[in-house]
Structures are given as C-alpha cells and as structure tokens.
**Student:** 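Okay, handing you the structure first.
On a predicted model such as this, the values are computed, not experimentally measured, just so you know. To find a chain, count down the sequence lines: A is the first, B the second, and so on, and within it residues start at 1.
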Amino acid sequence: MVLSNNDGCIISRSDEAKKLGVQMAGPYFLAKPLIEKHNISVFSSNYNLYGDLSWRVMETLRTIVGKKNVEVYSVDEAFLDLSIFSKEELPAIAKEIKSTVEQWTGIKVSVGIAPTKVLAKLANRFSKKEKEKTGCVVILDTEEKIIEALRQTSVADLWGVGHQYAKKLQEMWGIYDALQLRNVSEMFAKTNLGGVVGARLIRELRAETSKEMEEELSSKKMIATTRMFGSPVGDIASIKEAVATYTSRAAEKLRRQHSAAKVISVFVVAKEQDHTTNFRMKNANSRQIELPSATSFTNELIKPAVQMIDQLFEKGKLYKKAGVMLSGIVPDESIQGNLFREDNKNCERRLMDMIDNVNFSQRDDVLKFAASGTTRDWKMRQELRSGRYTTRWNELFEAR
DNA sequence: TCTGGGGTCCTAGGACCC
DNA sequence: TCTGGGGTCCTAGGACCC
C-alpha cells in the first residue's frame, strides 16, 4: 500500500491489502497492527516515479488511438475517443490497448467502453470489480447492458455524485441506484444536483453525450503548493523557509506551463486547527496580494510571500501546515505591462531558465534561493519511499 | 408625489474529482 | 503522537455601468 504525503494516511492499496481489510484513506498509525501482522509492504508516495510511468502509459495510448483522441484525465486515467471504430471492432481494440500498455510499460490497466464518459467510468468500475470474469474489460454497447449496469450501481458510486448529493438523493427522495437516477427529469437534476452540472449527469446516464472530450493543452488556472510539516513548527524563520520553498516550487510549475501569475496568497494552519476545513474558507489564516504585474520569477514571488508570513504568524503558536497559491494566471508572452516599472526583464528570464535546467538535469533544488534555507527541519516525512527508478540516474533499478 | 431595464464583472462558497 | 495535495466548475449575490 501507498501512503499520503507525510506518511499520514493510506491512499492506495493492492488487491491483497484490500482483502486483508486495510481501509482506504484510513490513518496509517491505526492500520499498523494489521500491517505488521500480515507483513504488508508500505511505501511513501513517490510522485516522480508515478508521473514518469503515467507519461509512458499515456504515450502508449496516443500511439494506439492517435494523439488527438486521448484526453488525460488524471495520473492514472484517460478518456479515449473510440468513435472512429465500429461496434464490432471494440472488443479487439480494447484488448489491444490493454495488452500493449502492459507489454510496453508493465502497468496493468482496465478498460471500460460506453457511449458517454459517465457510462464509461461505470463500465470501468465493473471491469475492476470482477476481474476474473471480465478480464478487466467491460463494454456497455447495448441498452440492456447499460440498464443492468445502472441497476447494480449505487448513486454514490457514480462519477459526479459525491457525499452530499448521495445523501440527499437517498434520504430525501429514496433514489438509491443509478437506474432510478437516470429516470428523474432534467428539471429535478437542475434544481437539486447543482444546476447544469446535474442536468449533464442525467443526460450522460441516458447515453446522451454532454461531457465532451477536452483539449489537452489547457493550462492551469490556479497553482498551489501546500504541505503539512514533518512535525509542528513554532519559529517564524522555519515557516518562512518553508513558504519560500513552496513558492519556488509553484513558480517552477508556472514556468513549465509558460504562464505568469498576478495574485499570490499564503496560508498557515495552526496545530490545533482542524485542517480538514477547507483553507479557502473565510476563517483560514490567509493573506492575498495582487502584484503590480504578472510574473513567473521566483525572486519576485518569494518576497511578498514571505512578507505575508510576518502578518500571519502569531508568536507562541505551533503550526502544522502552510501553503502558497498562485492565481490570476496569464500566458507569459502577453504580460500586461505596468507603466511605473522598467520592463527589461531578459536577464531574469535567462536566470530562471538556467535554474530550471540545472535542477531538472541534476536533482531538485541543487540550485535554490537562500530564503529557502538549508536545514529544513520542517520537511515532510517520507520515510518509506521507493526508488525513483526511471527519473534519477543514481536511483536506477539494479539487477544482478 | 414620485424613480426602469438591462447588463457585466467579481468574489465567496459549495459541490465535485483523483 | 499520529489523518494529503491539487485541482475544476457553477451559482448567487453584490457592486457597478449606461
């Protein structure tokens, strides 16, 4: 099984671990007795490794069905537009996708095929639920199959129905399975399931496409880097270092997508605060400022970020988490100039490029700003991380 | 004594996702 | 002792415009 950042809770489990009763999203420390009893292997998150393998899988999919027919939805999921194939060809293409990805990357995948995205997610769910029977491939290509699948699915397991809606549907209207939900009116969905979002969901259940394939190249509208500290921190200098480090990371992400940001906000969470309450809520300890003009230069972002910590920090308090968010994001070619600033920024741009290149080719943070500190007592725990086998020379997998 | 209609932009908050 | 991080979309309501 795999742990969240800071080795806090369990975020992924193998089938075997599931069978032994390890709960999803449960705290690691509570599961420890079970883990030791059954000698379950435990790993810290390893995003370098996952990211690289994800990229390999997605590239394989692009090779098979064509670049423009793949929409990467998350690190481990993609939507493929198969409308170029006939219904008769689908079983073969599903098999080809599955076996090619496995052969080229070693990653096992499951395939769900249906007329709409919501139904395809449903099909995929079934493919995983009964692996032996389905061979990890489920195709919902007839009305009867779709109806049967909907009948067997709780509304809570639908893509787009979360905690709140599931509860509402069941308690207020006695709607328990997806087939029941499919039969409500669009009007009902509109008033009770979040407006047009709900209406779309109902249409998708009826096999009417209303979530289209999306373009790949979209850039992020918000970039955040937030972390729990390894253990609570009480001195302002350490929090500033952490915030400077997070800001550097966020700025890197910004530059990677060729953007610049105009708004930067910073927040801290005190030890006794319930960190599950959303940090965007009013009661969170956060500050936000708008910069004179959009930038992607780390130095221009670190300074205001660290200054905001001066305003947020309360002496004597212990903090367990901090974060930086960048918004007001624009393409970096079209930065709106500011009349009162000199605008020759070419050296800074070259400096940033150079830092990014060195950090990418050597290792993270071989070059960093002094504000980020050197000791990093606040660093998160990651005690059980596997090797970054495919992205670091010195961590290559060794075989004898 | 009495005062319209139509619109845009922004923000906060609520839901959702992996 | 101890429970993640990073996103998206939509709506309502307020401020403001002519």
Side-chain angles (χ1 to χ4, degrees), chain A residues 1-12 22-33 35 44-47 50-51 54 71-79 117-118 121 124-125 155-169 189-201 204 210-212 214-215 218-232 246 249-250 252-254 256-257 262-263 265 267 269 271-284 286 288 290 318 320-329 380-383:
Chain A
M1 52 186 238
V2 177
L3 303 178
S4 64
N5 269 339
N6 227 25
D7 295 346
C9 42
I10 297 157
I11 57 167
S12 187
V22 177
Q23 290 302 307
M24 180 63 174
Y28 172 42
F29 74 94
L30 282 182
K32 257 185 181 158
I35 290 161
S44 303
S45 308
N46 185 345
Y47 297 110
Y50 309 154
S54 171
E71 176 194 335
V72 175
Y73 178 65
S74 72
V75 71
D76 66 348
E77 261 179 289
F79 289 110
K117 283 183 172 177
V118 169
K121 293 270 284 186
N124 190 276
R125 202 172 152 273
V155 286
D157 293 324
L158 283 175
W159 185 47
V161 177
H163 258 93
Q164 310 294 326
Y165 290 163
K167 208 173 143 204
K168 223 163 116 181
L169 284 169
K190 226 168 198 168
T191 39
N192 299 305
L193 295 175
V196 302
V197 181
R200 263 182 222 151
L201 171 64
E204 288 260 315
S210 50
K211 290 169 182 270
E212 302 287 346
E214 278 172 33
E215 291 290 325
S218 68
S219 57
K220 293 195 165 83
K221 298 165 183 167
M222 182 201 92
I223 288 174
T225 302
T226 72
R227 295 272 182 285
M228 302 275 298
F229 301 133
S231 52
Y246 303 163
R249 188 95 328 119
E252 270 173 25
K253 294 183 199 169
L254 201 56
R256 205 179 308 147
Q257 66 168 36
K262 199 163 167 58
V263 176
S265 55
F267 71 89
V269 180
K271 184 178 179 236
E272 63 275 10
Q273 252 173 298
D274 178 8
H275 77 276
T276 57
T277 61
N278 197 319
F279 53 71
R280 268 163 290 195
M281 290 220 228
K282 257 199 161 146
N283 60 356
S286 67
Q288 171 170 326
E290 184 159 349
L318 283 176
K320 63 178 175 186
K321 182 177 185 176
V324 173
M325 283 183 286
L326 304 175
S327 52
I329 290 177
M380 70 177 173
R381 284 191 299 268
Q382 247 192 339
E383 286 156 2

**Student:** Using a 4.0 Å heavy-atom cut-off across all strands, classify Asn5(A) as base, sugar-phosphate, or nothing.
**Tutor:**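 The residue Asn5(A) makes sugar-phosphate contact but no base contact.
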**Student:** Remember a base hit wins even if backbone is also touched, and classify Leu326(A) as base, sugar-phosphate or nothing at under 4.0 Å, heavy atoms.
**Tutor:**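 No contact.
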**Student:** How would you label the contact of Thr225(A) with the nucleic acid (heavy atoms, under 4.0 Å): base, sugar-phosphate, or nothing?
**Tutor:**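 Sugar-phosphate contact only.
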**Student:** Specify the residue among Tyr28(A) and Val197(A) whose closest nucleotide of DNA chain C lies further upstream toward the 5′ end.
**Tutor:**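 Going by which nucleotide is closer to the 5' end, it is Tyr28(A).
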**Student:** Can you tell me the Watson-Crick or wobble partner of dC18(C), both distances under 3.5 angstrom?
**Tutor:**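 When the pairing criteria are applied, dG5(B) turns out to be the nucleotide that pairs with dC18(C).
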**Student:** Starting the side chain at C-beta, find the nucleotide from dC2(C), dG4(C), dG6(C) nearest to Lys271(A).
**Tutor:**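 Given the options dC2(C), dG4(C), dG6(C), the side chain of Lys271(A) is closest to dC2(C).
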**Student:** Under 4.0 Å between a side-chain N/O of Lys121(A) and OP1 or OP2 of dC17(B), yes or no?
**Tutor:**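 It does not, given that no N or O in the side chain of Lys121(A) lies less than 4.0 Å from OP1 or OP2 of dC17(B).
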**Student:** Regarding Ile223(A), tell me which of base, sugar-phosphate or nothing describes its non-hydrogen contacts under 4.0 Å with the strands shown.
**Tutor:**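 Ile223(A): backbone/sugar contact only, no base atoms under 4.0 Å.
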**Student:** Which listed nucleotide (dG4(C), dG6(C), dC17(B)) is nearest to the side chain of Cys9(A)?
**Tutor:**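 The closest nucleotide is dG4(C).
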**Student:** Under 4.0 Å between any heavy atoms, over every strand shown, what does Lys253(A) touch: base, sugar-phosphate, or nothing? Just pick one.
**Tutor:**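 Sugar-phosphate, backbone atoms only, no base.
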**Student:** Tell me the interatomic distance from Leu3(A), atom CG, to dG4(C), atom C1', rounded to whole angstroms.
**Tutor:**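 It works out to 11 Å between those atoms.
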**Student:** From the list dT3(C), dC18(B), dT11(C), which nucleotide is the closest neighbour of the side chain of Val196(A)?
**Tutor:**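 Between dT3(C), dC18(B), dT11(C), the one nearest the side chain of Val196(A) would be dT11(C).
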**Student:** Looking only at side-chain atoms of Arg227(A), point me to the closest of dG4(C), dG5(C), dA15(B).
**Tutor:**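 Selected nucleotide (nearest to the side chain): dG5(C).
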**Student:** So, OP1 or OP2 of dG6(C): does either fall under 4.0 Å of a side-chain N or O from Thr226(A)?
**Tutor:**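 Result: yes.
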**Student:** Would you kindly give the NZ-to-P distance between Lys220(A) and dG5(C), to the nearest whole Å?
**Tutor:**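 Those two atoms, NZ and P, are 17 Å apart.
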**Student:** To the nearest Å, give me how far apart NZ (Lys262(A)) and P (dC10(B)) are.
**Tutor:**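 Computing the Lys262(A):NZ to dC10(B):P distance gives 12 Å.
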**Student:** For a quick test of reading the model: is some side-chain N or O of Arg200(A) closer than 4.0 Å to OP1 or OP2 of dC9(C)?
**Tutor:**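 Result: no.
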**Student:** Taking only N and O in the side chain of Lys320(A), is any of them less than 4.0 Å away from OP1 or OP2 of dT3(C)?
**Tutor:**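 No, no such contact exists.
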**Student:** Is the shortest side-chain N to carboxylate O distance from Lys211(A) to Glu71(A) below 4.0 Å?
**Tutor:**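 Glu71(A) and Lys211(A): not salt-bridged.
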**Student:** Would you kindly give the CG-to-C1' distance between Asp7(A) and dG5(C), to the nearest whole Å?
**Tutor:**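 Those two atoms, CG and C1', are 14 Å apart.
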**Student:** Is Lys168(A) atom NZ crowded by more than 12 heavy atoms from other residues, nucleotides or ligands, each under 6.0 Å away?
**Tutor:**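 Yes, because the 6.0 Å sphere around NZ of Lys168(A) holds more than 12 heavy atoms from other groups.
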**Student:** When you get a sec, tell me which of dG6(C), dC16(B), dC17(B) is the closest nucleotide to the side chain of Tyr165(A)?
**Tutor:**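 Of the candidates, dC16(B) comes closest.
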**Student:** Write down the distance between OH (Tyr50(A)) and C1' (dG4(C)), rounded to a whole number of angstrom.
**Tutor:**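 One finds 13 Å between C1' of dG4(C) and OH of Tyr50(A), rounded.
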**Student:** Expressed in angstrom and rounded to an integer, what is the separation of Ile11(A) atom CD1 from dT3(C) atom C1'?
**Tutor:**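 Going from CD1 in Ile11(A) over to C1' in dT3(C) covers 12 Å.
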**Student:** With heavy-atom distances below 4.5 Å as the criterion, would you say the side chains of Lys321(A) and Thr226(A) are in contact?
**Tutor:**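 Touching, per the 4.5 Å side-chain cut-off.
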**Student:** Are side-chain N/O atoms of Ser45(A) and Asn5(A) paired as donor and acceptor at under 3.5 Å?
**Tutor:**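 Their side chains do not contain a donor-acceptor pair, so the 3.5 Å distance test is not met.
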**Student:** What contact category does Asp76(A) fall into here, base, sugar-phosphate, or nothing, at under 4.0 angstrom with non-hydrogen atoms?
**Tutor:**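 Result for Asp76(A) = sugar-phosphate.
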**Student:** dC9(C) phosphate, OP1 or OP2: any side-chain N/O from Lys211(A) under 4.0 angstrom?
**Tutor:**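 Looking at the OP1 and OP2 atoms of dC9(C), neither is under 4.0 Å from any side-chain N or O of Lys211(A).
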**Student:** Would you tell me if any nitrogen or oxygen in the side chain of Lys321(A) comes within less than 4.0 Å of OP1 or OP2 on dG5(C)?
**Tutor:**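 True: Lys321(A) side-chain N/O within range (under 4.0 Å) of dG5(C) OP1/OP2.
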**Student:** In whole Å, I'd like the distance from the OH atom of Tyr73(A) to the P atom of dG6(C).
**Tutor:**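 Those two atoms, OH and P, are 18 Å apart.
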**Student:** Angle between ring planes, Trp159(A) versus Phe79(A), binned at 30° and 60°: parallel, tilted or perpendicular?
**Tutor:**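 The arrangement is tilted - the two ring planes meet at 30° to 60°.
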**Student:** So does Lys190(A) have more than 12 non-hydrogen atoms from other groups sitting under 6.0 Å from NZ?
**Tutor:**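 For Lys190(A), atom NZ is not crowded (no more than 12 foreign heavy atoms under 6.0 Å).
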**Student:** Taking the same atom, C1', in dT3(B) and in dC18(C), what whole-Å distance lies between them?
**Tutor:**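 Those two atoms are separated by 16 Å.
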**Student:** Between Asp76(A) and Ser74(A), is any side-chain donor less than 3.5 angstrom from a side-chain acceptor?
**Tutor:**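 Yes, Ser74(A) and Asp76(A) have a side-chain donor paired with an acceptor closer than 3.5 Å.
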